[in-house]
There are 6 protein chains.
Amino acid sequence: MPFPDLTQPELGAYQSDVTRPADFAAFWEATIAEARAIGGAVSLIPADTTLKAVEAFDVTFPGFGGHPIKGWLVLPADRTGKLPLVVQFLGYGGGRGFPHEQLHWAASGYAYFRMDTRGQGSGWSTGGTADPVGTTPSIPGMMTKGILDKNDYYYRRVFTDAVRAIDAMVAQDFVDAARIAVCGGSQGGGISLAVAGIDPRVKAVMPDVPFLCDYRRAMAKASRDPYGEIVRFLAQHRDKKAQVFETLNYFDGVNFARQSKAAALFSVAVMDEVCPPSTVYGAYNAYAGTDKTMEEYEYNNHEGGQAFQDRAQMVWLGKRFT
Amino acid sequence: MPFPDLTQPELGAYQSDVTRPADFAAFWEATIAEARAIGGAVSLIPADTTLKAVEAFDVTFPGFGGHPIKGWLVLPADRTGKLPLVVQFLGYGGGRGFPHEQLHWAASGYAYFRMDTRGQGSGWSTGGTADPVGTTPSIPGMMTKGILDKNDYYYRRVFTDAVRAIDAMVAQDFVDAARIAVCGGSQGGGISLAVAGIDPRVKAVMPDVPFLCDYRRAMAKASRDPYGEIVRFLAQHRDKKAQVFETLNYFDGVNFARQSKAAALFSVAVMDEVCPPSTVYGAYNAYAGTDKTMEEYEYNNHEGGQAFQDRAQMVWLGKRFT
Amino acid sequence: MPFPDLTQPELGAYQSDVTRPADFAAFWEATIAEARAIGGAVSLIPADTTLKAVEAFDVTFPGFGGHPIKGWLVLPADRTGKLPLVVQFLGYGGGRGFPHEQLHWAASGYAYFRMDTRGQGSGWSTGGTADPVGTTPSIPGMMTKGILDKNDYYYRRVFTDAVRAIDAMVAQDFVDAARIAVCGGSQGGGISLAVAGIDPRVKAVMPDVPFLCDYRRAMAKASRDPYGEIVRFLAQHRDKKAQVFETLNYFDGVNFARQSKAAALFSVAVMDEVCPPSTVYGAYNAYAGTDKTMEEYEYNNHEGGQAFQDRAQMVWLGKRFT
Amino acid sequence: MPFPDLTQPELGAYQSDVTRPADFAAFWEATIAEARAIGGAVSLIPADTTLKAVEAFDVTFPGFGGHPIKGWLVLPADRTGKLPLVVQFLGYGGGRGFPHEQLHWAASGYAYFRMDTRGQGSGWSTGGTADPVGTTPSIPGMMTKGILDKNDYYYRRVFTDAVRAIDAMVAQDFVDAARIAVCGGSQGGGISLAVAGIDPRVKAVMPDVPFLCDYRRAMAKASRDPYGEIVRFLAQHRDKKAQVFETLNYFDGVNFARQSKAAALFSVAVMDEVCPPSTVYGAYNAYAGTDKTMEEYEYNNHEGGQAFQDRAQMVWLGKRFT
Amino acid sequence: MPFPDLTQPELGAYQSDVTRPADFAAFWEATIAEARAIGGAVSLIPADTTLKAVEAFDVTFPGFGGHPIKGWLVLPADRTGKLPLVVQFLGYGGGRGFPHEQLHWAASGYAYFRMDTRGQGSGWSTGGTADPVGTTPSIPGMMTKGILDKNDYYYRRVFTDAVRAIDAMVAQDFVDAARIAVCGGSQGGGISLAVAGIDPRVKAVMPDVPFLCDYRRAMAKASRDPYGEIVRFLAQHRDKKAQVFETLNYFDGVNFARQSKAAALFSVAVMDEVCPPSTVYGAYNAYAGTDKTMEEYEYNNHEGGQAFQDRAQMVWLGKRFT
Amino acid sequence: MPFPDLTQPELGAYQSDVTRPADFAAFWEATIAEARAIGGAVSLIPADTTLKAVEAFDVTFPGFGGHPIKGWLVLPADRTGKLPLVVQFLGYGGGRGFPHEQLHWAASGYAYFRMDTRGQGSGWSTGGTADPVGTTPSIPGMMTKGILDKNDYYYRRVFTDAVRAIDAMVAQDFVDAARIAVCGGSQGGGISLAVAGIDPRVKAVMPDVPFLCDYRRAMAKASRDPYGEIVRFLAQHRDKKAQVFETLNYFDGVNFARQSKAAALFSVAVMDEVCPPSTVYGAYNAYAGTDKTMEEYEYNNHEGGQAFQDRAQMVWLGKRFT
């Protein structure tokens, strides 16, 4: 099974050449400020389940543009005082599913929030969140929606939703605002990196095989989608290359990593055909925070560490938050 | 190469069991009326080409919601009097491309208009038309955008654009409003059928291997996309089956065929894995007009008749319009 | 996406023609008795996890031949009195993984035991249980190991392990022997059916898209493995057909269903290419118990109902056990 | 693994509806007579090998048009009197290879001749025989070369070569002209059937999973090439269907079978995706000779019986020729 | 989507190491002279179409060996004086199709001739030209026909046909012999390069993603056919490597480029898996003419620039010929 | 067709970095001694065939653990004195098949023995030998059976069987113990290398495209199984990497080559996706014997030289043994 990209020791030494726009931080500050200005109410409704050891809530909060975003909040039934918070973002195409899925964070004593990804939620689990914003001509999938302008790009809305999810959670009295962690695999890892780069309230970030990093290299190394969506878009829109890469620089995990200070537990799979390992190291090696660790899975493809990594996360975060 | 569906003589006898909603005609009348009420201006700008034997224009007209829709208009350079009109709709994923493509209609003496499909135009040719309407959770592609409500469904906007394209063309003084034909392959064939069913100004319709017919059967017979998008959507949204099929009944080519009177030249490919032949016959056998002909290509897959069918169309339409 | 097998209403009417050997029940009684006679000790060691809302144990119990079989037992931390028991068997190739996976049964108040499958545990999750018995010439995979003799066949050992797992659990004082349920997907569903057919202590069985039913038909309808392992074996051992099917009759879910009385919640996927739906109905329609329900997922392949079905199971079992 | 075609008992009852042209026998008589009239010399040159138990010769004989055709002749080293003859024809794309391959006929006491197939010999073994006749537009492969006219069709030349191979062999003094058998797998089986239908000197024919039978049905049932070459040809030459099938009737194994009297041992594979089993039964059920046997391999694809069938052939032919 | 070959800046610097035989030019001079000596008549018959803005003729002219070769000639209906000529050669497997296809050259004021490729014309469009020359053992397809001797190689006939097509056209009074251009994509690009290298009458050459260049490297970099035909031939004819490459040197676009003076507009696709980009640069970087331009499509596979490149050609040629 | 690995001249220079454990030789001496100590009887039963020029025997001999191992022995019918011996080992998944297969060694005057591979014999030919030893959790196939401990690893049993096959043959009076050769393709080549490394009685070894060499590199270069079995095992057992490679060092063809003195005729295929050419050169370049030759097939995949290599072997061995 040929390795699709660099291997060690080249991976450890790899430095991405992604450009960071001068107004990168300003762009994101303005974006978040705009969303907060629109505001909106957060609702928590007890979910109808058979669960007893944990308590689940159907949450709706205002995201980008004030649009309603859904998520599940799960808390240990037996709790006292303020809880550390784990916010999880989802892989590409999925939705928040059901509250009985993935109970290990709540069962370990965390307030656990799983955020829906707008307009997705139909590929491998169901979501309930619309993306009420239209699009210019694009390739099936989300990767090229609005890609010709940084203000229209789909992930501008998603990353904003993610920061606003934290806003919604820290407003709850059972959450300890000093112990906020974000995590996620693949797209969820990319969103985590973005949030950790934008929002200093985040104290720990755990991106697994993160997507949305070092796009141009990723497009040249990934043999499976979704980076290929951008390749196919440019295969038709042969005259839009510069414009596309100008937009993507504002959404690159490498750039978020360069300004992030949270403790970080990354994972990478050396046989990953979806999120090539060099692009993960591109973010990791650029990561500004000093408490950073990489779990490397040599013979794994995009599934990465799975339950091995979940266990590693629980131990790692436990040392920092409890 | 196994035939993926019925063959003759079963095809000739096949009757679709698609339900026609009681308010089907009313729904479409209201939809078109609403779009016309919004109105908007049509612009024709001479296109920059090297072409001499034909003249090309970059057209923008108001479609559903008054949204700007693009198209190319190509006229014979040497013309006198009013010209018969051929409006072509495009296959799934494509865009209007360049004016120098597909000159045979203009070169044969027709005013030829090729309409962009909103939000597509990135899959196999480029388009320039946005779809400024957002969406509920959906599968990559257009097939499930807004599918939970007939008023939100993507093709409501597209079919309306198509009728409004005719509105835009008949307003031009070089067009003979008594000789209007529509055509297209695959999705373009499905749009043609819809327009012919909605708009009595259409005197001839030429759907090739049409898509968007007899959805439920198509989903069970097609082994290649895009009908599979709906299958995958329902594979996740297991609780939305009834709702989805209720919507689709308003967009089914079989139902448009049942109320269409234009002369019709269909084509079908008996090995078609994308638009199964029985679903094409489902529309053809239900077609209300009496001047109808089917060209059948026994050993073809979704490519259908290609240049053979183009030639057949030019001869067939020539007998009716010149 | 063509349906790979029968659809409704043929599915509902399908009757498998699998033969039930005259000594079927006797064979299994003798087999279980033999294993029990060998005996062996059960050990429960607290697992090292971060979990607080539930308590997990690393279990080893004696299976077929007294061989040590592993499993995870997970209990609600907050418990009183005897608990209803859910034993889950695993899909083909997988292992018990980690105790923090799949917490929804324990979180809902059940004693939950997940049994390793001997010799597997390397395909999609890890196991820790050897199969210390050798094999005659066979195809890669477990399906043809010892298939030329019912006493040597691999699943004789696995089904016996499964019954012995219940023996191990009912010996624990926190288990209510009157409320025992078994479940599992695919291979796990096939094992569940076998156990429910062999062991009258089982009061509820929940097989999802069960494997190991109606082999000969399954071999002719499944386009993806593992039934194909037997096809490939017979493609070489062209002279062993009768012998193979004679063995398989002793391991067919249809025959177990014919003698099973537990309440049953089946699920089936109509597009299932691995466990063809008619073979699932072959077992369901033959099922002897009168409290039986089928959840049908029309547009799903072998993934079946997933979280939808987990939710349905929790509700269904809750009505019977709590 | 779904069966690609009919299964028993339908196979046993299947009757092909292939038309036999009125001048079928006359066409072939004239064709062979014409080739014999052209004549040409046969050469046998001892081959350079390390073999001792058998003796091998590099043979060149005049085929259709007097063109030089190659083959290997292998005789037992220890021989007395005239030997029974086995002529083998090759599967599609192959060539005669080396004399040390397939020694079981010579080692069993037969004069064994393996004939090259003109113009092939590059796909899975090497040949040394040109096809010095050009072609009309055709699809890659041999199936559509000259297919628009029975006199130009490629297999007219090949079948003639095969009859002329027997002419060349019976002229040798070590061959017993009263004991001539022909055999071959796939294309070689189709050639065998043709020769047995044309040439009454053939006393035994052993076609394995024969190709070149019941073309129209084969084209509709085979999911793998080479029948698909004709499908693809007609997918382009949409106007040549009648012409193609008119030619093929002169080359159909069903028609050869209808006039064949030799003892016959067929084999068929019920999962054959290349030579669908019904097309083999189409020839077998039409076979005129009364000493006929079918070996059926239920779970095999186009590989058929392989060494099992070789063994069956040696036993079956031994009973008739020794 | 990994790049299958070199990328920039390596592409720009790449120098092919193809050997140019000493008698390369002499071989081609003799070949063309021989064909001209055989001679033959050219016929132009008005084609039966509905086209009015252009006029089309069904042309037959004598090619290699005097064999009749077909083509379509399309002229602007409204014309005066002598016209510049564009001769187009076709991609692998295709045929000249119908005269109503690809009208943009005639509509832009050129005499446009589309030449059939002998023996092909069945793969993606239909042709009407036979190749009346037989072949030694070869792999399906044209690439290995006669490959063991430069005089027998298939492309010797095709390249000669192409030069003779120009002979046929310059003999017509409406053609301006001082303004002759050749073009084509893939195989058509390879033929264009050959003609431009052989025939100094050609003043402009526009090869798109050209095939038939730098064979040995191409065979090692292309992951899709047709270069693979030669690989598969050598996989069987393991002893013919030297002989094959000796032949190919006489047919290599790199060698034609080395002696070509016409103005040249190349295109290349950096993701091309059929005609690897380095092999296109192998010809381009060796191209002797000084007016040369490369259009590079970074994210395209073998489809290359399509309508973008057609537009670029019309503008580029217009600047040189009008 | 891209080369999957190194090409020349890098191949010729490649040096594997496989570690040879200090107790490598001792481990194998002890293993063989242990098997010989268990002992067991050899039986030769005349096989029931139609063969006359050769004589065949059904052999059973005691292998590892004294387990009964099957093989076919074929001798020239016409023989005098002691014969040189060729022992052939089989490719992965196959079995000894029938005695009438592969007669060229016996027909060339050798005693030829084809050994069954325990537990296999179901993949592409049939075997009759069980592997009566069970296994820890493993991936379908043989590659990971017992891989966590060198004493449990499957190939410890197979390599021992192979040495014991020679023990069984040299005990026969028709075998010349001074002229013993071993051969085999792929897995058979790997076994040959092992035997030649362990057993000094072997005077000639002919490994074709050998498997089981330079595992770690092979796992990184092979794109097709069976090396992938180990990759997939480690993809699950993420914590077992060191343990696995420690075991494999005892079974690596590179290490056997380092201590082998027999004359050697290797073959390698430069496009081999199963046994990457560098891993074959890894063994060849390390081979200790001085009479060594490599046959290289540049354009072949794992099929390698086939009949070309058989011919080369017969000539090469003839020069050494006759």
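Just so you know, these numbers come straight off a predicted model, no measurement behind them.
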- Note on the structure: dist B:E303:CD -> E:W124:CH2 (nearest 0.5 Å) comes out at 14.0 Å

- Message: Given heavy-atom pairs under 4.5 angstrom as the criterion, report whether the side chain, backbone, both or neither of B:T126 touches chain E.
- Response: side chain

- B:G109, B:A307, B:P76: which one forms the most heavy-atom pairs within less than 4.5 Å of chain E? B:A307

- Message: My understanding is that only residues two or more places apart in sequence, or in another chain, count here; which of them pass side-chain hydrogen bond (donor to acceptor under 3.5 Å, both in side chains) with B:E101?
- Response: none

- chain B shares the most heavy-atom pairs under 4.5 Å, among E:A53, E:G318, E:S108, with E:S108

- Note on the structure: One option among E:D78, E:V54, E:D310 has the most heavy-atom pairs under 4.5 Å with chain B, and it is E:D310

- Item | Separation between NE2 of B:H104 and CZ of E:F98, rounded to the nearest 0.5 Å | 12.0 Å

- Euclidean distance, B:K319 NZ relative to E:T50 OG1, rounded to 0.5 Å: 12.0 Å

